[in-house]
Amino acid sequence: DHPVRLALDIRMLYSVAANGEPCKFGLCSSAAVCVALTAFLFRYLGATLDFPIFLAAHRLLQQGRGSGVDVASSFAGGVIAYTCAADAAPTLRNLEWPAGLHVRPVWTGQPASTATMLDSLARFQATHSDVYEPLMAELCAASSFAVAQWEAAQPAALLAALQDFADRLQALDTAADMGIWSASHRELRKAATASGVVYKPSGAGGGDCGLAFSDDAELLEQAAQEFVRLGYEVPELAMASSGLEVPGVS
């Protein structure tokens with residue numbers, strides 16, 4: 001009865017490729033659009049904005065693929081711990097940023113397709129379950145351990161945990177031939193290691209963004225300068241402390 005015209009502006013989530021064409025950053029733009037649009041529609045209809053609504057919308061659009069961690073991040077803001085198990089509803093909680101830990105994002109200049117990598121992972125699971133299961137179990141354990149170290153707010157131990165997670169992610173990626181650790185990410189990791197900092201892909205990997213971590217801000221800055229020298233972009237990004245906000249909807 002009340003037609004509505006919506007405009008979704010995600011230009012801030014795009015960069016410009018070497019050929020001058022627009023190119024999306026690996027900043028979960030599709031999840032952000034999903035959360036923003038769902039929030040507007042449900043608030044317009046007078047519904048309560050609970051996280052399960054957004055996760056259901058995302059899974060409908062993604063044919064059930066993906067963990068939904070990018071949706072949770074867009075919904076909650078800040079740093080989150082997100083758990084997604086096959087036999088339980090996903091959970092999320094906000095975490096504090098550990099004092100003494102520093103991070104710099106790196107943009108590879110190459111957008112990646114999460115769906116393509118999920119398809120590769122599904123094929124690997126179906127055809128090589130005997131290899132997939134232990135590798136995934138190790139990766140999950142490394143993830144849980146990293147979250148525990150994050151909450152303990154011990155930067156040195158956390159950096160070691162992040163390094164271990166990156167190693168196990170690379171092992172799974174190599175076995176499944178997904179391409180998460182692309183040539184760009186491998187080059188960035190080599191440069192990061194030489195600079196004394198920890199590096200891992202973020203999101204789908206294979207392109208998109210990576211994250212460099214250190215408990216020494218000077219070392220991290222040196223690594224960032226090396227990334228730029230190699231031709232990568234180190235964008236000045238700030239973390240949103242708050243999550244979803246829907247002002248003025250009536």
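One-based numbering along the sequence shown. Hydrogens, waters and symmetry mates are skipped; everything else that's a heavy atom, side chains included, is used.
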Can you confirm whether [X] sits close enough to [Y] that some side-chain heavy atom of one is under 4.5 Å from a side-chain heavy atom of the other?
X	Y	value
L55	F75	no
C34	T38	yes
P90	S67	no
L169	W181	yes
R104	L211	no
D215	L101	no
Q170	T174	yes
F213	Q163	no

Looking at [X] and [Y], what are the two nearest heavy atoms and their distance?
X	Y	result
I53	T48	CD1-O, 3.0 Å
A166	K200	CB-CB, 4.1 Å
P155	A99	CG-O, 3.4 Å
V147	A81	CG1-CB, 4.1 Å

Please report the interatomic distance [atom1]([X]) to [atom2]([Y]), rounded to the nearest 0.5 Å.
X	Y	atom1	atom2	answer
S202	H185	OG	NE2	8.5 Å
D50	F42	CG	CZ	10.5 Å
Y82	L92	OH	CG	7.5 Å
D177	H128	CG	NE2	11.0 Å
L6	L41	CG	CG	6.0 Å
L37	F54	CG	CZ	10.0 Å

- prompt: Quick one: side-chain contact (heavy atoms from CB on, under 4.5 Å) partners of D216, sequence neighbours excluded?
  reply: S214, E218, L219
message: Listing request: all side-chain hydrogen bond (donor to acceptor under 3.5 Å, both in side chains) pairs with a residue in residues 140-159, at least two apart in sequence or in separate chains.
response: R93-E151
Pairwise side-chain hydrogen bond (donor to acceptor under 3.5 Å, both in side chains) hits with a residue in residues 3-12, at least two apart: D9-R11
field: Ring-ring centroid check F227 Y232, cutoff 6.0 Å
entry: no
Mind listing the side-chain donor-acceptor pairs of residues 132-139 below 3.5 Å, one per line with the distance, residues two or more places apart or on another chain?
from, atom 1, to, atom 2, distance (Å)
E138, OE1, R168, NH1, 3.2

Residue pairs fulfilling salt bridge (Lys or Arg N to Asp or Glu O under 4.0 Å) with at least one residue in residues 184-197, sequence neighbours excluded: D167-R189
Fellow cluster residues of F145, listed by chain then number, with links counted only when side-chain atoms sit under 4.5 Å apart: none
